Every structure is written in structure tokens, then in C-alpha cells.
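Here's the structure we're looking at; comments come further down.
Only a predicted model underlies this, so the values are computations on that prediction, with no experimental measurement involved. A, B, ... follow the sequence lines: proteins, then strands. Residue 1 opens every chain.
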Amino acid sequence: MQRYSFLRHVGHALRGHRHWQPAWQTAEPKKQYDVVIIGGGGHGLATAYYLATRYGIKNVAVLEKGYIGGGNTGRNTQVVRSNYFFPESAAFFDHSLTLFETLSKELNFNLMFSQCGHIVLAHSEHELEQQRRTVNSIRLNGVDAEHLSPQQLKKRVPLLNLDARFPVLGGFVQPRGGCIRHDALVWGLARAADSAGVDIIQNCEVTGLQLQGDKVVGVDTSLGGIAADRAAIAVAGHTSELARMAGFRVPITSMALQALVTEPVKPIISTMVISPTIHMYISQTDHGEVLLGAGADVYNSYAQRGGIPAIEETVAAALELFPSLSRLRLMRQWSGTTDITPDTTPIMGKTPVQNLYLSGGWGTGGFKAIPAGGDTMAYTIANDESHPLIAKFGLERFTIGALIDEGAASGVSH
Amino acid sequence: MLQIPCPYCGTRDEAEFHFGGEAHITRPGPEVSDEEWSDYLFNRENPKGTHFERWCHNFGCGQWFNVARDTVTHEIDAVYRMGERKPTPENVLTENKRRLA
Amino acid sequence: MSHAQTFRRPQGGRIDRSNAINFRFNGKTYQGYAGDTLASALLANGVRVVSRSFKFHRPRGILSAGVEEPNALLGVDVGNGMIPVVRATLMPLIEGLNAESQSGFPSLNFDLGRILDLTRPLWPAGFYNKSFKWPSWHTFEWAIRRAAGLGRLPAGTDTTQYRHLNTHCDVLVVGAGPSGLKAALDAARRGDDVLLVEQDVEAGGSLLFDSMGIDSGPSDKWLTATLAELAGMDNVRILLCATVAGYFDHNVLTIHDRSAAHRGSNAVETFWKVRAGNVVLATGAIEQPLMFGNNDLPGVMLAGAMHQYASRYGVDCGQRIVGIINNDVGWRTMLAMADTGSPVSAIIDVREDPEDGLLQAAKTRNIATHTGATPLLARGSSAVKAFRFASKSGDTQEIQCDAIAMSGGLNPTAHLYSQAGGRLRYDEPLACFVPQECRQRVRVIGAANGEFAAANAYNIAKRQSAPLKSNAQWVDYLHDVTVSDIELAVRENYTSVEHLKRYTTTGMAVDQGKTSNLNAMTVLGQLTERALAEVGTTTFRPQFMPVTMGAIAGNRRGDFYAPPRLLAAHDWHRANGAVFDDYGGWKRPAFYGKDRAASIAAEARKVRESAALFDGSPLGKIEVKGPDAAEFLNRMYVNTVPTLKPGKVRYGLMLTENGIVMDDGVFVRLAEDHFLVNTTSGNADRIAGWFEEWHQCEWPELEVIFSPVTAHWSVATVAGPNSRAILAALPGMIDLTTGAFPHMSFASGEFADGTPYRLQRVSFSGELSYELSVPANRTAATFQRIWDEGQVHGIGLFGIEALMVLRTEKGFLHVGVDTDGTTNPFDVGFGGIVANKKGDYVGARSLQRAHDQSADRRQLVGFELVNGGSVLAGAHFVVRCGKDRRSEGFVTSAVFSPILGKTIGLGLIERGFDRKGEAVQIHDNNTQITATLVGPCFFDPDGERMRA
Ligand SMILES: Cc1cc2nc3c(=O)[nH]c(=O)nc-3n(C[C@H](O)[C@H](O)[C@H](O)COP(=O)(O)OP(=O)(O)OC[C@H]3O[C@@H](n4cnc5c(N)ncnc54)[C@H](O)[C@@H]3O)c2cc1C
Ligand SMILES: [Zn+2]
């Protein structure tokens, strides 16, 4: 792998940047792989990367039906945090955040990780009580969180309107939370995985699974059949379709989650702010665009195209909390097909089909989980046994009723 | 903003309706196994393509009804009342014409 | 001081020369005319440089005359603050308008940032991915952030009124150029209800500057006649200054209407939502720049735009204009421009053999022509001075000029079509993307459909970049993306069109690539040796043109954001000193008086010692009637319903199908076939909908109907030992003695004044208590009555907060506070009731799962603090310490009980039922306090007081 650094960059600049090599190769599919990963989003790429670098399995292919990162990983609002309520969630997501903290260095690719803080607002006495419950939980889980008074909030977020229809009575911050450039993560992982020997195959859609008894032995793709000792599904909103190919059912609904940006302006918001009550979260990109996260459209959708109501809701909510944004213009809105589970916790681990593994149900918040998801999935595939951090995230939890309902407990997704 | 043809009132904005998820799910009795119960409770078809789903016109006539809708194009191919027969994929389009006529 | 409009022609154009308008740009005063845009007025005044480019601070001038403008994006103040990123090409000139460039330090014309241009090789596409890693991104981020952003957030309060309008139409025609006008006229004559939308201030489109013949007559006359006919038709509505910004599913479109946006403090912007039977897109096409060196110099403009400035605004963009073109339409533009008197000195065509007629036409107009030329570069530092090209024979030539009109061919404005789900197809002969197919009811006509000229009269050369070493040829003006950036991206394998876009940021700026996407794809195709059809295109997403956020929110601001629900007796409470808070959407008295803590304590004490009045009106009320009413409710409640006798009341719990506690409250059997269900206030609508869903979708065979009557009845709760005496004094009240009307009874009656009432003896405070319901319009009168009668007993008022103290003292469950989305009935002590219930009900099967029955679950208990002190809800029960410290649950309710003189509370803790008497640690924000677990009821455990 050609190393990246400022000095090398300058060196290349002097030579007109004519000597940079491809960040990753365009691979032709081989006949057989030890592990085939279906889906070239963050989770698929990270799984391949860790398989090759941590678990010694290098004969790996990532099959992506379009271009890598073209799913939710390239469409999300980049919130990264680990302030979760349940210990099992916190342990997993904090592992992710910790990996993120050194990942730019490890991948030798600037992911533009900005730990600008993740602030959650409370709008009533009751919400303050709930928030106290959550913050204590987070801290007892060993994760950083601090209460903020309305005055402290105002100091960090001067544009915030404390006297909104639902007044801001307090909040809390996870100082280590922040955002990461989504495309950079995709490219950085692809580049590192490629250099570790992984084949990244784009424009290759998996159309069927080759099963022998209750065991997977390969996949059918738009580029032909590929044999595989093991396979993993990491296709987010398309999980139900892949599960159908494998012959089992999953508790997942695909929904269009939307996001929008304004025209870019000089810096006005330097942190992430979310209000679970009025379902809106906001940040400002390095380009200067104000980035708003909206809710999902209410119906099943694979369209990657959102409707009007969610946008109107979000913009109205944003202006209620940030009235001074009213004269900015909304530039672009987009949507991704998210894989929502009943308890907002991902589904990871083994499946009813042998040697077939699943990493899905990431819903509205799986971007932040990419390093931990990749690491634990790679472990699970390598050992045919769930990594301890994801032991409770398996499909079985729905049968025994052991849901991990973060949404119900803390009310924050994304 | 979907335009949904309520079989009782005619076409109205999405905002007047409540989405109820997949239709035609049979509720099992309490005697079933944990597996069957969780399949009923949580597992969903969630197809890419025609989805049979139920909606309620709650800011209108208040009636629940079924809809066959494409989850990629969002086009509504059929609407029919509770208890009416589920259209087969082939007759979805004819149903549609009949309803929307 | 006014500057002369030196580039304004003595006559011509659609401007009103009798109406001079003063405006300011970067602190200087200028003059233009009514009918000008800000851009045309700047050009008339010879203003060349209007902005500095984003990355390299290169001087930039006006490029276009429309929505595609990437350079003339200015801060503009017309009385409502300095609005950033205003397209000068669309902004009507208004008296007093104050515009400023958004970039350039210390000034636009002398920008120190220009130094960046000299180090351009250091900042290619993706440079930040490869560098700025050490010591961390954070070290550099602030500087990058400060450099980004096009304008500033406007200061002051926004005075514009925003509103939403909803409408239907048979045909929505987008674009009022000749094609759109014709389509609108046809539809209108057929009798269709037509909505015609145009973003310009005037209808006419290209007819406003291009007088081609229509219907074999002069186009001016046709335009006037057509507009007159349309104006006279009742079934036609025309919106000007309005942009169709979004095309959504089911033929719903959004329009951003700015027709009244520039009225200073009376400004209005409207956001329309249109349900269109059919849509006709007549959105025209956008001329594309050519790629050559320094094609971003001020003075380099799109040919059609230059023609428009000349003909519509009477402005010459230069004194020596050279046309650089690759197609016939570009030729006709140059010739037409020359015919209006513009100083066109030469036309350089990249094609070898343009039609003879064109060459002849140029000759008769004294325009030099060069064919088969290869454009190389424009020269000049802050404005173009010359153009260099390679002639057919290969030698390099240079032509002096002060303006370059370039025409790289047209590309249909198919953004809305693409938003609608329409697919585009690359058309080789037209060298652009044209509409192919769409599932929605939409038709594309005119230039938007690739109909640029009469059949076969649009010959365009293959698009390509100039053969230069330095490659400072701009592809995306706004994001400063050059051909070499695309080369680098391709070299690094970012060759999918989406990767290219994201890696170089081409097409991601505020103009959304209207003048850059096609050229970027051209270079990509060139470098990867793929046909453009194979390269594909990116999907266009809303908005076509950015829309003011205020307009999207409409009037949903302040209270209108979520209108609070007011109690029928709101004013009565206010008059009595209520302090209101939001509870589940209702504004309800939290307490009465000034001092929160003291008031709450006094109110709670009043209930225990005498009596007080509480407004319980938001309590959910649903009537359930029919022969199967009891059976239906039996399937909804954990509790047994059919055994309840008419006139009696029972407390019950409802579950989700997953066995989670969803709601609680009492239900009353009014008659054998008639029940009244009370829900918690916040859940009233949800439970009514829940009943309907189960009935209609699961058990339609049950004969039962539901009627939500929450708002119909107001509820006066009178609680306390004296409540019976107070209510008994009301004329028309039934016999309230316990023998006649015991705890958990219901009765209805009529007061002497004819007011009907319903009465239930239930208690959430643990005291003798009655809930008296009267029709909502009798609320204040009834409250006053009770108040008056209660005076002799020293009656008081109590709000929600005191009620919370009282119910916590009693250990009564508050769903949503003492439970969350994981709590099942076992956890709150309903195990016995679950065990006794026969038959199936919603949620029953889920309770049989091992996890639901587990002994390790968190269970609701009470606690008392061992050494006094206080604690807040949200604190946790913890075990062990240091790194091993672990939460076992949390405090759900904590209050100071005035009657017990101490803090008490409820909480959910693992295995709580078996741990009564155990000392536990309560942890909150690093403080720790010891408590003892007790049963949840702290006061009158046998319930004697409420049964008295
Ligand atoms: C608008 C929006 C905002 C969000 N905001 C946040 C946020 O702030 N923070 C956060 O943590 N998360 C957020 N998320 C969620 C997050 O983006 C996802 O959970 C995460 O990116 C999922 O990663 P993935 O790799 O599983 O899926 P994806 O990135 O969607 O990748 C799956 C890939 O599988 C491919 N694929 C599908 N079917 C096939 C097939 N048959 N054959 C081959 N390939 C196939 C797809 O093309 C796709 O590229 C947001 C999501 C959206 C849509
Ligand atoms: Zn209806």
C-alpha cells in the first residue's frame, strides 16, 4: 500500500500527482473464497478488513451490487457516539468508538473524526428525570457523559432557542461523541482491506445462495456463481431479501430514513445536538452545510427516496429550536433504506443456515458501529461462534423475549 | 406525500392515514411454541416489490383497509376492504383499475 | 456616487428606462432599471468580478443568466437581513437593494487568498484524506471549517411571513417558455384545470430574448396573445417567481413561490403542495461550458446568457466578443446576438465543417470564423484579454477579446424528471442526457426533451477537454474542481460516477452540478474509455433550487409548532393562580401559587387533611358498547372483565402484544352491554385507535363499537376526607354515603340546573375521592360551584405535582414513569392477576416466555432513605464499587412527602420483591446514599381512607 502523509503528499504534488496508485484494485471474482461477504457497505468492508488483518483469513471477497458505500454508509448523518443505556449496548458501541479513535492511523487514511461532542436535549421535568436515569446508566457503563444546564447549553450552542414551544430545560453531552466522514471510512477500509488481500468486487449483485442441506456453499451473482466456505450477509435494508434467499425469516422492516442539508454558511454550530422529543438532530458539516436528520417515512420502502411529511416535520422542529436558520435554504434531501428491528438493536451472529452469518438490523444507527461490527463479525466468522460482545444480539433473542430495547429505555436512536 | 385511495372516502393525502404494517398476518392461539409466537410477533415478509399492508383512514372515516403497494416505486396497485380476498399478483392491476375507476 | 451604465446599450431590451433603480454592491452605489436582474445591472455597470472561488480564491464573474449560476452567488439585503447565496441572475433589481460578495479578504478585488491559487497542486481532490492526520484531524478542522461556507447566517429576526398552500390541478405545466405556454394553452382550451409555474418574473422563457418565429408570426405578438388568452381563462392559474423544487411520489410536487418575497418587512414566501393529475415539464435546457484553460476567467460566459443580456436587458457583456462553440445552436445564438448589435468579432468552431449557410451568415456580419479549431486557453488575470486556440493546421493562434461566449451544447433540465423516478438516456447525436421513461404521469416537451432545434439542425461535436499540460480547466466552478482533479480520481480508481462525485465533490455544491456534471462525466468517460451511456449519471434529488427553510416549515412556529391543548377551565385555573406545564400535549396546572415546593406540599397536605379540587379532564374516556363489549374488553385487559357488575368500577392494565405494560386505568360497566374505559391522559387517542385496530382487523365478528368522549366530558376530581360533604351539597347530587355509593362505584344523574353528570368513586390519591364528569361547556360553572360549596370546609386546589406526591405515597403505578418500554405486568406486581385470568388476551402469550418469567427481572419496590436526605428520580441502585460498580435498577419516582416528613420513592430493581428490608446504595452523578427497600405503599396500606 502506498503510504499517505503530508510530506508524501507534497512530494507527489511536485510531480503533478501523477504517481498515485489506485486506492483499491478492481478485482475479478475468483472461483472460490474462504469467506464471501455480501454487501460492500461499512459493515461488509470492515468485516473483510478485520478478517484479513486480525483473524488471518485473507481469501475473502466483498460483493457489492453497486458501488461500495452506495448504501446507507454513504448516506448517513455520521453521528458517532457510545452513550447507550444497556450495558451490552454500551460495551459494544464503546468498543466501536475506541477503535475509531485510532482508526485513521491504523488505516493510514484521514477519516476526519471530529470528537465535537454529542448533546441530547430534555424538554420537560419528566424528560429531565428520564435523562438523569440515562446519564447515570451511561456513566455506570463506563462511558463519558455530563449533564448540561440550559446556560451551559447556550454557551456551547449559542443559536439554541431555550424558550421553544417545548422549552429546553437541560441536556447532556458525550464529549467523545462526534462525527466521521462517511465516504472516507468506506474508502479507507476498502484501501486497507485490498492491501491485506481482500477482493473488492463492485457491480456484483448476489441473486441467490447455494445451499447444500442446511449449509451454505456459495453464492449466485450477476457475474456468475462463486463458491464459498462461509458467507456473511451485510446488506442493511436488503437483509429480508437475502434471508429469503437463504430460507429463513427475519424481524426486519425496511424504511426510508431521510436527511437534508442547507446551503453552506460560515461556522455556526460546532457540535451535534439531538432532541429525541421533537425528533430532530443537527450538526454542521466541514463544508458549512447545516445537516439535519429526519425521521423515517412511516411505510415500508426500498426506494432510497423520501416523502414530504418527514421533511416538513424536521424543518419545523429545527426552526423551533434554531429560529435563526429560517432564512437558510434547504439544498438537498436524500434517503437510505434502513433495516429496522423491533427493539432498535442490531441482529448479529449465526443464522439457521450453517456457515452463514448475519450482520444486520443496523437501522438508523449502525454507522457508528462499523469498526466494532466488523471486528466482532470477523471473530464470529473465524470461530463459528459469536464474539462475546455480540452474544446477546443474536436472532434467538426474539424467541425468548430478551429484547434489548434501547429506543424504549433511552429514546435516542441514530 | 402518498395519495391513498380509501375504499370508503376516495383518494386522500398520506397525512390522513395511519400505517399498520403487513396485512394478512394470522394471530396464533396461546398454545403455540415460542418459535411460532415470535414468528407471528416479529418476523415480517418485508418484500422488495408488492407489499400487502394495512392502513387506517384515521383522520377520515376511521376504517382499516388493505393496500397492495410496491415498496420500490410506492405505486399503489390495489386497495380492498378488511375481509375481502387478497388479490393475486396477476389481478392486482385489474383490482386497481376497478377501485380507481 | 452613481457609476454610469457604460455597458448598457442606448436602446432595446425589456427594461423600463424611465424607472431608474439605485442599488449597492460591495459598498458602491450603482444604478440599473426596473426589469433588470441584479446580474444584468452589474454587467451594465461593467462589474466583472463578483466573487472569489471557493478553494483557490480565483476571481469569478457572472457565467449565466439563470438557475445554473455558479459564480454570482451574493449576499443580498432587501430589508430582511443579508441573505446568503442569492443567485444574482434570478434576483429582480429592487430600489435600495444592497448586495455584497461573500468571499475575498481584505477585498474582492484584492484577495490575499489568491496565494492559494499558486499552491494549487497542494490541494487536489481528496487531499484531506491523505494528510492532516497528524497529530489529529482536530488540529486542522477549525481552519478548514472557517474556510468553507459561502455566506453568513443573516443577523436579526426574520420578518418574512411563511405560508403553505395546498392545491389540486388537472395539469401542472412547469416552465412558461414557448413549449410550456403552448401546452398550457392546449390543456386549458380542452377545459382542464391548469396550473402554470415559471420561476422568472415574466412568462415567455426564451421568447423574452430570442425572437424566433412561432406559428409563422413574430413571437412577440404570439406571446402577448397567448398570455392574454390564458389570463382570460377561469381554469388557468399562473405563478411567476415560483420554482417547482420537488417532484415526489404520486404526482405530488412542491413549489417555492417568491412572488411576494421582496417586499421588505411585508415579504411573504409560499410553499405549495400540488397534487397534479398530469405534469408537463417544459423546463428547457441548460447550456454547458466548454473545457479549456482558465475557462473560469471573468468575461467567459455562456453564449445563450450573453445573448439574453444583450437582447432582454440591453447589456453588452464586452466590446470584443469571441464565440467558442461546438454546435449549431451556439452559432445561431452568436448570429442573433450580432443582429442585436453586439460586437461579436469572431466565432471559433471546434467542428471542421459547419454548415455553409452559417459561415456565410457570419461573413455578411463581418465576423471572422475559425473552424476545426482546438480551444486551448483564455488569457488574462482578473478578466479575459485573449483567447488561444490551435487552428486546423495545428498552429497556435491568439485572438484579442474582452468577452468569450461559449456554447458547449445543451443539456435538458431533467432534474424534476429524475426526481420523479424518470430514467435518463445518453443520446449520442445530441451529446446529452434526455428523458427516457417514467412511471409517473409526466410528459417532457421542448428543449427539456432534447428538442433543441428543428429536426437535424443540431449538430454537435464530441465533447472533450482541452489538450493541455497544466489542466487548469474548470469542470465545477463552485467547488473549484478541475480536469486534473478528475484525472487524479480516476488514477486512484474512484471511477464509479458516484465515487467521482464524492471524491472530487463535483456537482455537490449549491448549483448541484447544473453546469458541471456533464463535463465531469465526459472526462471520466474519456479517461476510462467508456461511452457516456455506460458511465451513467447520478440521481437528482430535491430540491431543484434550494428552498427557504422558513417556507418549508410554514406557520408551524411557536405554539403552532404543536398547538397545546387547553383545558375547558383554563381561564378559571389561571384566575386561581395556576402555574401551567405541558403534560402529554395538555397545558395543565402543575401547582397553584408562587413557590413551587411549598405549594406542592401544601396542596398535598390539603388533600390528606380536608379536601381539594383537581382538574382531571384530559383523562382518556372511551365508551365501548355492544353485545360483545365485555368479551372485547376481556381480550384487551390483563384483568377479568365480564364479572364486573353494572355500576361498578375496576382497575386494569393493558399490554402490548409483546407483553409490555402499555396503559392502565379504571373501566366502568355502565350497563350489561356498555362500558366506559378510562385511559391515561397521554394515551387517550392511542388506546382508542388500538381498540379499533383489534376490532376491525382481528375480531370483526365481535359486535361492539367505540366512541372516544375524552373532550366531551370534563372531570372535577374532589379528593380528601371532606369531599363527600362538599359534593353532597350540590343540588341534584345522588346519595353519596358509602352504603349507597361505595368505593369503585359509578352513577349518573342531573344537577338541579339541568346539567347532566357522571360520577365515579375512585382514588388516585388514596383519599376518599370522587371524579365528577360534566359536559365540557359546563366545566367552569361546575368548578365554581364546588369551590363555593367547599369554602366552609376550607377546600383547596391541587395540581399534577401534588397528585404525584399523593400517588407515590400510596405506591400507585404511573405508567410511563414507573414503567418503560420493557416493563411487564409481573414487574409491577400483577403476577397474581395474570395467574387468575382465564383465556387469551393481548400480550398473554408473550408472558409465558422464559425471559418474561425470569426471577432476575427488575421489579417495582418502594424505598426509604436510611439517614434522611433526598434523592431524585433517575438515580440508580448500584452494587459493588469502582470499576466493578454495576446498576441493578433505578429510581422511577421520588418525592418529598409532607405528611410523612421525608423523601420516599419507587424504583425498579432486580429481584426487588424478595429484597424488602435490604439496604441498598442509590447512586446519582457520583454521589451515593443508603436506602432501605420496602413495599411500594407508604401511607394507609389497608386503604381505609379511600373506602371510608
Ligand atoms: C439518512 C440516514 C442517517 C443515518 N444516520 C446515522 C448516524 O448519524 N449515525 C449512525 O451510526 N448511523 C446512521 N445511519 C445508519 C447507518 O447508515 C447504517 O446503519 C449503516 O451505514 C449500515 O451499514 P451497512 O454496511 O450494514 O449497510 P450499507 O451501507 O447499506 O451497505 C449494504 C450494501 O449492501 C449492498 N447490497 C444489498 N443487496 C445486495 C446484494 N443482493 N448483493 C450485493 N450487494 C448488495 C448495498 O448496495 C449496500 O451497498 C443513518 C442512515 C440513514 C439512511
Ligand atoms: Zn376513509
query: Relative to the ring of C/Phe132, is the ring of C/Phe127 parallel (under 30°), tilted (30 to 60°) or perpendicular (over 60°)?
result: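 Rings of C/Phe127 and C/Phe132: perpendicular, as their planes differ by over 60°.
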
Under 4.5 Å from any heavy atom of chain C - which part of A/Leu111: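 Neither part.
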
Side-chain heavy atoms of C/Gln102 within contact of C/Pro84, under 4.5 Å: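 Yes - at least one pair of side-chain heavy atoms lies under 4.5 Å apart.
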
message: Distance alone, cut at 3.5 Å: any donor-acceptor contact between the side chains of A/Glu289 and A/Thr285?
response: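 The criterion, which ignores hydrogens and geometry beyond distance, is satisfied for A/Thr285 and A/Glu289.
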
Chain A contact via [X] - which portion, at a heavy-atom distance below 4.5 Å:
X: C/His923; result: both
X: C/Leu488; result: side chain
X: C/Gln419; result: backbone
X: C/Thr548; result: both
X: C/Tyr494; result: side chain
X: C/Asp924; result: both

- prompt: Can you tell me how far the CG atom of C/Asp581 sits from the CD atom of A/Glu125, to the nearest 0.5 Å?
  reply: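 Result: 6.5 Å between the selected atoms.
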
- prompt: So, are A/Glu129 and A/Arg132 salt-bridged, with charged N and O less than 4.0 Å apart?
  reply: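 Judged by the 4.0 Å cut-off on N to carboxylate O distance, A/Glu129 and A/Arg132 do not form a salt bridge.
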
